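These notes concern the structure reproduced below.
Computation of the quantities below employed the complete heavy-atom set of this structure, encompassing side-chain atoms and omitting hydrogens, waters and symmetry-equivalent molecules. Letters A, B, ... are given to chains in the order of the sequence lines, protein chains preceding strands, and every chain is numbered from 1. These figures come from a predicted structure and were not determined experimentally.
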Amino acid sequence: MTMSEPYYITTAIAYPNGRPHIGHAYEAIATDAIARFQRLMGRDVRMVTGTDEHGLKMDQTARAAGRETLEFADEMSTYFKNMCSELNISNDVFMRTSDKRHHEASIALWQAMEASGDLYLDRYEGWYSVRDEAYYGEEELTEGEGGVKLSPQGTPVEWTVEESWFFRLSKYQDALLAHYRDNPDFIRPESRKNEVLRFVEGGLKDLSVSRTSFDWGVPVPGSPGHVMYVWVDALTTYLSGIGFPDKESDFSRFWPANVHIIGKDIVRFHAVYWPAFLLSAGLALPQQIFGHGFILARDGAKMGKSAGNAADPLELAERYGVDQFRYFLLREVNFGQDGSWSEEAIVTRSNAELANSFGNLAQRTLSQIFKNCDAYLPPIHGHTDEDNALFDLVGNTVSETIPTAFENLALSQAVEAWITAVSACNAYIDAQAPWALKKTDTARMETVLATLYICIAQLAVAISPIIPAGAGKMLDAMGVAPELRNFARIKSHWYSPLAEADFRLEQPQGVFPRLELPAEE
RNA sequence: GGCGGAGUAGCUCAGCUGGUUAGAGCGUCGGAAUCAUAAUCCGUAGGUCGGGGGUUCAAGUCCCUCCUCCGCUACCA
């Protein structure tokens with residue numbers, strides 16, 4: 001029974017009609033780093049991810065492969081679940097929209113919206129392309145040969161009428177605008193917010209929220225032949241993942257979510273439809289929607305299922321290391337903007353900062369303690385101004401700069417502040433030169449090594465949300481107890497007790513090896 | 001078309017409400033050191049801040065205009 005403050009974070013719910021690509025990995029990693037950070041701040045965290053398995057495309061993809069849709073979905077969702085474990089994602093829940101509990105949640109949400117009088121049966125009419133399985137607006141169409149109307153994709157369209165349930169989205173225009181105004185951080189980053197504002201200001205039309213052309217979805221209660229529009233049930237995952245509609249579940253403690261981490265391409269669904277659904281159902285709105293950018297190949301080509309050049313994130317993680325891959329993505333890409341990747345960039349970044357700067361700092365410090373202090377943590381014989389300056393810099397980075405950056409979801413800035421502090425440690429060790437003090441002043445040597453030991457432990461804890469495995473390994477080797485590995489406790493006086501407990505180092509081993517690019521074929 | 005971003009050293013980018021000689025990392029070149037994963041540290045070179053015009057004592061930072069790239073412009077997800 002914890003009394004700590006709850007924190008609820010989600011990734012978008014991935015549509016698994018293909019294997020996970022680097023964009024899915026990026027989102028999971030970023031969300032995981034934030035969740036891990038919040039845990040280290042002492043919060044009671046729930047992180048939910050999962051797969052959005054309904055909709056026409058899943059149905060079609062399965063059929064095209066001659067498979068049963070559910071069986072196909074079972075397999076595909078496994079890839080996403082595996083990705084989470086392979087990439088060291090600490091999600092508490094993996095929710096599939098095909099799950100029975102999820103259906104119950106979706107129906108409960110639907111009924112709540114219906115009870116508010118926001119759902120009505122009508123006909124949906126429009127220009128429909130059978131080929132694209134999509135409706136198009138009159139203004140989007142072009143005229144082909146013989147006056148035939150064509151979709152933007154150049155496929156023929158025909159006027160189609162379909163019975164559909166509608167959601168009174170138009171009714172919520174003012175309420176949404178008021179919410180955006182009263183909660184300036186509801187949509188981030190700023191550029192996404194502007195797009196949404198303009199979209200909503202432009203007027204909202206009611207939304208068609210059921211389909212009759214296929215049955216792979218959540219059945220609309222009391223309306224045979226209709227299944228819910230996939231977005232209605234997909235978004236509901238954020239509720240079902242914590243037990244909605246069961247009032248005795250985690251739902252009561254964790255809703256509303258602190259933040260939904262999503263791709264910039266689905267901001268509208270989260271910043272317009274979702275809050276409107278929740279308002280209608282009488283539920284609280286999430287505190288924030290954060291739309292991150294895309295990860296592009298360094299040549300500028302967009303990564304995507306259809307682009308054909310989608311790198312397999314698990315292959316990259318295996319080749320270069322999970323921590324290295326995570327570190328690269330969160331360090332190199334400004335969270336909220338697009339970024340690019342290449343194998344060379346991963347290797348360069350990882351070697352320069354994880355292997356050379358941080359890994360080697362730990363290795364040279366621990367090695368000297370191992371060899372010169374008989375592997376016992378050396379005592380401290382009073383600190384100099386130089387020591388205190390380093391403590392101040394590292395301490396301030398660990399307890400102020402990095403937490404502030406994480407709270408603002410400025411992930412790359414957090415890492416940048418971290419590496420700056422690491423560099424300060426390297427400058428310190430060079431200036432103090434404990435290897436020279438060994439011959440002239442062993443007491444001072446001991447103090448210098450102890451000072452570094454304390455700083456390295458703090459830095460390892462601070463970066464552990466980004467590189468949990470490597471940081472953990474390093475702290476294990478250093479004898480730092482698990483209960484000390486959070487932002488509050490690592491700043492306490494644990495060093496002397498550990499030294500006095502006669503803790504002894506094992507032969508130090510590098511945690512972050514230098515990487516090499518695979519040889520050209 | 002409309003609205004919104006972006007264009008800063010070879011590369012990737014910081015530069016908040018305008019104010020001393022425009023910053024960082026990587027890369028380059030030179031030096032130091034040798035505890036360490038040939039890792040580290042110090043220093044150097046390098047930019048008319050997309051073009052043009054304007055406001056101001058002062059503009060990368062505000063206004064106008066032009067060029068280039070990108071995003072949004074509702075029912076695939």
Side-chain angles (χ1 to χ4, degrees), chain A residues 12-18 52-58 60 124 126 129 132-137 139-140 153 164 166-167 169 189-209 211 229-232 234 263-269 272-273 291 293-294 298 300 302 305 331-334 337-340 344-345 348-349 351-372 412-413 416 419-420 423 425-438 445 448-449 452 508-515:
Chain A
I13 307 305
Y15 201 69
N17 67 335
D52 166 22
E53 303 172 14
H54 295 312
L56 186 60
K57 278 208 172 150
M58 278 296 287
Q60 284 179 326
Y124 189 83
S129 163
D132 301 346
E133 298 287 356
Y135 283 96
Y136 293 101
E139 67 286 348
E140 294 180 88
Q153 266 64 254
S164 172
F166 278 82
F167 171 72
L169 184 62
E190 198 74 15
S191 54
R192 299 296 147 209
K193 173 181 168 178
N194 292 334
E195 287 175 4
V196 171
L197 277 178
R198 216 135 306 109
F199 174 75
V200 176
E201 283 163 357
L204 295 175
K205 288 193 276 187
D206 287 352
L207 187 69
S208 163
V209 289
R211 298 288 185 273
Y229 172 45
V230 283
W231 272 108
V232 174
K264 65 180 184 179
D265 53 332
I266 54 174
V267 167
R268 172 176 318 137
F269 300 98
V272 181
Y273 301 169
F294 292 147
R298 189 122 286 185
K302 180 177 173 180
K305 287 164 288 215
R331 162 62 163 140
E332 186 97 350
V333 181
N334 201 331
Q337 298 185 336
D338 289 352
S340 62
E344 191 185 359
T348 302
R349 184 62 82 177
N351 281 348
E353 299 183 0
L354 289 182
N356 297 352
S357 290
F358 187 57
N360 185 52
L361 169 69
Q363 184 67 6
R364 65 202 300 209
T365 302
L366 300 196
S367 291
Q368 288 179 78
I369 293 174
F370 185 76
K371 289 198 301 197
N372 303 332
S412 59
Q413 280 92 318
E416 188 174 13
I419 196 68
T420 299
S423 289
C425 290
N426 272 318
Y428 170 88
I429 196 172
D430 267 47
Q432 301 303 316
W435 49 88
L437 292 169
K438 181 175 69 172
M445 176 197 76
V448 167
L449 293 175
L452 284 164
Q509 291 188 327
V511 173
F512 303 105
R514 281 182 63 80
L515 303 177

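Counting non-hydrogen atoms under 4.0 angstrom, Asn372(A) reaches nothing in the nucleic acid. Tyr229(A) comes within contact range of the sugar-phosphate backbone alone, with a heavy-atom separation under 4.0 Å but no base atom that close. Using a 4.0 Å heavy-atom criterion, one finds that Gly203(A) contacts the bases of the nucleic acid, with or without backbone contacts as well. Using a 4.0 Å heavy-atom cutoff across all strands shown, Leu204(A) reaches at least one base atom of the nucleic acid. The residue Arg514(A) sits close to a base: some heavy atom pair falls under 4.0 Å. Using a 4.0 Å heavy-atom criterion, one finds that Arg211(A) contacts the sugar-phosphate atoms exclusively.
Pair assignment for rA6(B) gives rU68(B), based on Watson-Crick or G-U wobble hydrogen-bonding distances that are each under 3.5 Å. The base-pairing partner of rA59(B), taking Watson-Crick or G-U wobble contacts with both distances under 3.5 Å, does not exist among the strands shown. Using Watson-Crick or G-U wobble geometry with both donor-acceptor distances under 3.5 Å, rA33(B) finds no partner in any strand shown. In this structure, rU21(B) forms no base pair with any nucleotide, since neither Watson-Crick nor G-U wobble geometry is met with both distances under 3.5 Å.
The gap from the C1' atom of rU73(B) to that of rG52(B) amounts to 31 Å, rounded to the nearest Å. Taking the C1' atom of each, rC64(B) and rG43(B) are spaced 45 Å apart, rounded to whole Å. The gap from the C1' atom of rA14(B) to that of rU61(B) amounts to 14 Å, rounded to the nearest Å. rA24(B) sits 39 Å from rC3(B) when the P atoms are compared, rounded to a whole Å. Here, rG60(B) and rG15(B) have their C1' atoms 8 Å apart, quoted to the whole Å. Across rC13(B) and rU8(B), the matching C1' atoms stand 9 Å from one another, rounded to whole Å. rG7(B) and rG19(B) are spaced 25 Å apart, taking the C1' atom of each and rounding to whole Å.
Nearest-nucleotide assignment on RNA chain B puts the 5′-proximal partner with Ala355(A), out of Ser423(A) and Ala355(A). Annotation: of the two residues near RNA chain B, Asn194(A) and Gly359(A), the 5′-most nearest-nucleotide partner is Asn194(A).
Taking side-chain N and O atoms only, Lys193(A) has no distance below 4.0 Å to OP1 or OP2 of rG4(B). For rA14(B), the OP1/OP2 oxygens have a side-chain nitrogen or oxygen of Gln337(A) closer than 4.0 Å.
Put simply, CG on Asn351(A) is 20 Å from P on rA36(B), counting in whole angstrom units.
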Next on the checklist: Does Arg364(A) form a salt bridge (charged side-chain N to carboxylate O under 4.0 Å, His left out) with Asp430(A)? I'd like the steps, not just the answer.
Outcome noted: CA-CA 11 Å; Arg364(A) 65 202 300 209; Asp430(A) 267 47; 3.1 Å; yes
Item to check | From CA spacing to verdict: side-chain contact (heavy atoms from CB on, under 4.5 Å), Val448(A), Gln368(A) | outcome: CA-CA 11 Å; Val448(A) 167; Gln368(A) 288 179 78; over 6 Å; no
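Here the closest heavy-atom approach between residue Met58(A) and residue Glu53(A) is recorded as CG-O, 3.2 Å.
A 4.5 Å side-chain heavy-atom check between Val511(A) and Gln363(A) finds every atom pair outside the cut-off. The shortest side-chain heavy-atom distance between Val267(A) and Glu195(A) does not fall under the 4.5 Å cut-off.
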